[in-house]
Every structure is written in C-alpha cells, then in structure tokens.
Amino acid sequence: MAKYIMALDAGTTSSRCILFNKKGEVVSLAQKEFSQYFPQSGWVEHDAMEIWHTQYMVATQAMAKINATAKDIAAIGITNQRETTIVWDKETGEPVHRAIVWQDRRTAKYCEQLEKSGLTDIIKDKTGLILDPYFSATKIKWILENVPQAMSKANEGKLLFGTIETWLIWKLTGGACHVTDYSNASRTMLFNINELKWDDEILKRLEIPKEMLPKVMPSSCVYANTAKELFDGEIPIAGALGDQQSALFGQTCFKEGQTKNTYGTGCFLLMNTGTKPVHSKHGLLTTIAWGIGDEVFYALEGSIFVAGSAIQWLRDELDILDSADDSEYYANKVSDTCGCYVVPAFTGLGAPYWDPYARGAIVGLSRGVNKYHITRATLESLAFQTYDVLEAMLNDADIELSGLKVDGGAAKNNLLMQMQADILGTDVQRNACIETTAAGAAYMAGLAVGYWKNMNELIENADVDAIFEPQISDAERNDKIKRWHKAVESTRNWEK
Ligand code: ADP
C-alpha cells in the first residue's frame with residue numbers, strides 16, 4: 001500500500017510540493033519561487049513553462065528528500081492560484097503568451113464595455129461572479145485578440161485554454177488529458193454554476209470558442225495517470241481544487257454553515273452553503289466549493305483587501321513594530337485600545353460596503369492613546385472586518401454560524417484570535433497543521449483512490465491546536481461593533 005499523497009501547491013509566487021501521510025501530517029516539503037513579470041502598470045504575468053518546470057522539480061525533490069518512489073505515492077492532488085489564464089498550442093504544447101495572472105487589470109476597459117452592453121446581471125446570475133478583470137474570461141479574450149492568429153487558430157480547434165491545474169494536469173499526462181474541476185471552472189466567468197456547464201450565451205457574447213475549454217470534472221476523481229517518463233512509475237492524478245476552496249476542504253468545513261478565514265496579506269473568507277448556490281445581496285461571490293461524486297457544494301466568498309498588510313503598515317510606515325510577530329507582544333502591553341479605532345481602508349472598502357472612495361482613518365483619539373493602543377486597534381480591525389463579511393454571509397445564506405476555522409500567517413497571533421472570538425461571539429478554531437491549502441487537494445486525491453476511506457476519517461485526523469472562546473458580554477460586544485461601524489462611517493466617500 002502506497003504511503004503518501006502528493007499535493008502540488010501551485011501558488012502565485014512559488015511552486016510547492018508537500019507529501020502527506022495517512023494521518024494528514026506533512027512528511028516532506030519542497031518549494032521554489034518563480035519569476036513575476038510586470039510588463040506595464042496593472043499587468044502581471046507568469047511564464048507557464050517555468051511554472052511547470054518548477055512544479056515538476058519540487059515534486060521530484062520532495063520525493064527524493066525521503067527516498068520515496070512512485071510506488072509510495074498513492075495519488076497526486078493539485079491546488080492552485082485561481083483564475084490565472086494560459087492558452088497554448090495543442091500540437092506543440094507551447095503557450096502562445098505568458099500566463100495572465102489573476103491580479104492583472106488589463107481588461108478593465110473591456111469589462112466596462114461588457115457592463116454597458118448589459119452583461120452584469122447575466123454574469124452574476126449564471127456564474128455567481130461580479131463582472132471583473134480578475135476572472136479568466138476577459139483574459140482569454142485578450143490573448144485571442146492580441147496574439148497574432150490566435151483567434152483563427154482557436155476557431156480551428158488548435159488552441160487550448162486552462163487555469164493552472166488544467167495546464168499542470170496536461171503537462172503531467174504528456175498532453176493526454178485536458179480537464180478542470182468544478183471549483184476552478186467556477187472562477188472563469190464562463191461556467192454556469194446553476195446548470196453545471198460552460199455557458200453558451202456568455203461564450204457567444206465574448207466570442208470564445210468552446211472547443212478550447214477543458215472538460216469539467218469532479219474535484220475528487222482519477223483524471224489520468226502521469227506520463228511514463230516523469231517518475232519511476234505512473235501515479236494517478238486524482239484531485240484538483242482552487243486554493244481558497246482547498247483551504248475550506250483542508251479545514252474539514254464539509255457541512256453547510258462551516259466557514260474558514262485565511263489571515264494573510266488580505267483575508268479570504270469562505271462559507272460552505274451546501275448543495276444550493278446562494279446569491280448574495282451584499283456583493284459577495286457565489287462559487288463552487290467542490291464536486292464529489294454526483295454532488296456539488298457551493299460557497300459564499302468574501303475578501304478583505306487590507307488585513308496582515310495593516311500590520312506591515314505599522315512596521316514599515318509607522319515604524320512602531322520591528323516585526324509582524326511583535327504586534328501581539330505590544331498590543332498586550334495595554335488592556336484595551338483606549339477608545340481608538342483604526343479603519344485600514346487604504347484602498348477603499350470592500351464587502352459589504354463597496355466604497356472605492358473610502359480612505360483609512362484612526363478615530364477616537366484622546367491624549368492618552370499611545371502606540372500600543374494603535375497596534376491593538378489595528379489588530380482589532382482585522383477582527384471587525386471579518387465580522388462585517390461574516391454578517392453579510394449569514395444574512396445572504398440565512399444560516400447559523402457554527403464556529404470559525406482559521407489559518408494563514410496572522411492566525412498564529414493568539415491575541416488576534418481571542419479578539420476574533422470576542423467580536424464574533426463564537427468559537428475560533430486553529431488546527432495544528434498549517435498547510436490547510438495543500439491538505440485540501442491531498443484529501444481530494446486521497447479520497448478518490450481510497451487512501452482515506454471517507455470524510456469522517458479526515459475529521460478524525462484534524463489535530464486542533466487551539467480553540468478561542470468568546471470572553472466578553474453581549475453588551476460589550478454590541479458596543480464595540482457599534483463604535484466600529486461609526487468609525488467606518490467616518491471614512492466613507494473621503495476621496496469623492
Ligand atoms: P500571504 O499568503 O498573503 O503572503 P501569509 O499567510 O504568509 O500571507 O501571512 C503574512 C501576513 O500576516 C503579513 O501581512 C503579516 O503582516 C501578517 N502577520 C504575520 N505574522 C503575524 C502576527 N504574528 N500577527 C499579526 N500579523 C501577522
């Protein structure tokens with residue numbers, strides 16, 4: 001019996017490979033950064049070949065580190081930066097252009113045109129997304145229009161499109177398998193999440209030929225085996241999930257209402273809403289969480305633009321911290337924020353406010369406020385922003401919150417996690433395994449090949465590091481939230 005599951009974690013800045021054992025523990029890890037290209041303001045590109053080469057390299061390195069052979073690997077699962085778009089030649093296997101990364105805004109004007117032509121509501125109803133350059137559709141369109149002969153070749157069926165997992169599966173199988181999973185398909189802005197198929201109307205409006213799109217498959221199933229020449233034996237590729245959905249699965253948020261928050265540079269909140277899509281009234285995204293067997297699960301997704309980066313601001317601009325880790329120590333030097341609130345709306349406010357004209361503020365200052373209070377209030381702002389997005393989700397979905405599971409760099413801050421529990425009035429759970437994103441894809445692959453028997457086995461595996469319980473009264477919580485909203489209000493429309 002094979003000993004490990006291999007997770008390929010194809011991130012935005014690096015390719016990683018993690019081998020997990022049956023208990024869900026990390027037994028080997030290899031990582032390699034790759035180049036970021038910024039050819040113009042607002043443009044971000046990757047070299048798809050470099051992504052493939054680094055990904056293959058770290059896979060062999062992770063195996064070599066523990067002397068594992070192909071026989072030791074039960075299956076491969078892939079998790080990936082979402083939306084990033086690659087178009088390649090079916091015959092030669094050569095990308096026709098660099099990958100256009102999710103952050104890339106080059107299609108903003110085109111999105112405005114689509115909006116004017118009345119596509120906004122159609123996109124929202126059919127794909128669950130907001131019409132935005134972020135998603136793959138307009139990036140594909142840009143490549144077809146700007147690469148010589150791309151449009152005619154695509155129409156002749158000579159070009160293929162894929163997000164990163166599709167590209168990697170195609171490379172891993174020597175060009176034999178052109179597939180994606182439901183979670184990644186739902187980020188293209190071309191996939192009808194209600195009918196679970198590529199949407200002919202949207203494809204027609206954007207003039208994207210259907211022939212170039214991959215086949216959409218469940219997130220957990222054997223897509224194909226790796227090509228013979230890659231490893232010392234064939235390995236089944238059996239799982240694929242977009243990174244945020246993968247963290248949701250890796251956190252074992254299998255049931256409706258279960259929610260995870262990743263505290264990184266920004267925050268990514270995903271709530272499992274069960275087997276029916278919930279359309280948001282607060283500007284949240286409706287997305288497919290995963291497909292297993294015949295069932296598709298959906299999620300509501302909200303992001304917070306400035307989270308951990310507010311701590312970096314304290315460190316780099318205000319110079320009141322030496323490191324992000326110090327924030328906990330300094331904030332603990334005082335018992336409260338002395339009535340001050342920090343609203344880090346540096347680039348405007350996202351969900352549920354959607355105010356691009358808001359700008360940051362520190363309010364409630366009195367003579368006694370010092371740098372420790374400001375540090376504490378900045379940490380609190382992460383918890384308040386999370387509260388706002390979660391409230392919006394709960395209103396949209398009409399479901400009860402059953403705790404919050406956390407991961408990401410800033411989730412190791414115990415004070416922040418306690419603040420989060422206090423402000424939400426619910427338990428906050430942090431797992432011992434911090435590789436939740438990679439774990440999600442590994443779990444998908446492991447379930448597909450019977451390495452893990454069922455989802456209960458995965459829940460039993462989850463090793464809890466800490467649970468933070470609310471410690472303040474409802475009255476105190478309500479008062480804090482009221483003041484936070486007053487603080488947010490003071491930042492609205494600042495730039496207008
Ligand atoms: P990303 O994946 O977005 O690069 P990470 O998950 O690596 O982010 O988390 C890094 C972010 O978390 C940084 O913005 C940093 O300021 C913040 N951070 C890291 N450690 C702490 C900490 N102990 N307390 C608060 N914030 C932290």
Side-chain angles (χ1 to χ4, degrees), residues 7 9-16 18 26 29 31-34 36 44 46 79-84 101-103 134 164 242-248 250-251 260-270 301-334 337 342 344 346-347 350 360 371-386 405-421 423 428 430-440 465-466 468:
D9 179 359
T12 304
T13 56
S14 72
S15 295
R16 304 166 81 231
I18 298 179
V26 174
L29 187 156
Q31 176 165 4
K32 177 85 182 132
E33 281 192 20
F34 53 76
Q36 308 285 318
V44 190
H46 291 157
T79 178
N80 56 287
Q81 52 159 326
R82 304 175 301 174
E83 299 104 10
T84 296
V101 179
W102 55 273
Q103 297 142 327
Y134 193 84
I164 302 290
D243 53 10
Q244 296 306 324
Q245 287 93 329
S246 196
L248 188 69
Q251 289 272 23
K260 72 93 193 174
N261 193 15
T262 301
Y263 298 78
T265 313
C267 279
F268 271 102
L269 267 140
L270 261 78
E301 173 171 322
S303 48
I304 295 165
F305 305 146
V306 180
S309 57
I311 310 301
Q312 290 168 296
W313 168 71
L314 295 178
R315 185 193 63 194
D316 302 338
E317 266 67 43
L318 298 196
D319 210 10
I320 59 180
L321 300 174
D322 286 331
S323 72
D325 283 345
D326 284 349
S327 61
E328 183 168 2
Y329 173 76
Y330 286 127
N332 264 323
K333 279 187 176 279
V334 287
T337 66
V342 173
F346 302 141
T347 55
K371 61 182 180 180
Y372 307 129
H373 295 118
I374 291 177
T375 302
R376 198 174 173 105
T378 307
L379 281 174
E380 254 188 13
S381 76
L382 273 62
F384 282 126
Q385 293 183 91
T386 300
K405 300 201 179 171
V406 298
D407 53 40
K412 63 175 182 282
N413 186 317
N414 290 326
L415 176 64
L416 171 60
M417 293 302 106
Q418 185 57 50
M419 288 169 166
Q420 190 68 82
I423 289 166
V428 169
R430 185 174 65 202
N431 278 357
C433 173
I434 55 168
E435 296 291 354
T436 45
T437 306
D465 169 45
F468 300 86

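Atoms within each ligand, like the ligands themselves, are counted from 1 in listed order.
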What's the shortest distance from atom 11 (C) of ligand 1 to any protein heavy atom, and which residue and atom give it?
-> Gly264 C, 3.8 Å
Output yes when the distance from some N or O of ligand 1 to some N or O of Gly266 is under 3.5 Å, and no in every other case.
-> no
Near Ile434 CD1, under 6.0 Å, is it more than 12 heavy atoms from other residues, nucleotides or ligands?
-> no
Flag for Thr79-Asp9: side-chain donor and acceptor within less than 3.5 Å | no
Partners meeting side chain to side chain contact (heavy atoms under 4.5 Å, CB included) with Ala331 (sequence neighbours left out) | Thr375, Arg376, Leu379, Leu415
Would you say the side chains of Asn413 and Ser327 form a donor-acceptor pair under 3.5 Å?
-> yes
Which of the atoms of ligand 1 are close to Ser327, meaning less than 4.0 Å from one of its heavy atoms?
-> 24 (N), 25 (C)
Tell me, yes or no, whether the heavy-atom count around Gln36 atom CD, taken from other residues, nucleotides or ligands under 6.0 Å, exceeds 12.
-> yes
Would atom 2 (O) of ligand 1 count as contacted, meaning some protein heavy atom under 4.0 Å?
-> no
Select one of side chain, backbone, both or neither to describe which atoms of Arg315 lie under 4.0 Å from any atom of ligand 1, heavy atoms only.
-> neither
Non-hydrogen atom of Asp325 closer than 4.0 Å to ligand 1 | yes
Qualifying residues under side chain to side chain donor-acceptor pair (under 3.5 Å), relative to Arg315, sequence neighbours excluded = none
Close-contact set for ligand 1 against Gly408 heavy atoms, below 4.0 Å = 6 (O)
Among all protein heavy atoms, pick out the one at the shortest distance from atom 4 (O) of ligand 1; state its residue, atom name and that distance to 0.1 Å.
-> Thr265 OG1, 3.5 Å
Is the closest heavy atom of Gln312 to ligand 1 under 4.0 Å?
-> yes
Please determine if Gly409 has a nitrogen or oxygen closer than 3.5 Å to a nitrogen or oxygen of ligand 1.
-> yes
Ignoring hydrogens and angles, state whether a donor on the side chain of Gln31 or Ser14 is under 3.5 Å from an acceptor on the partner side chain.
-> yes
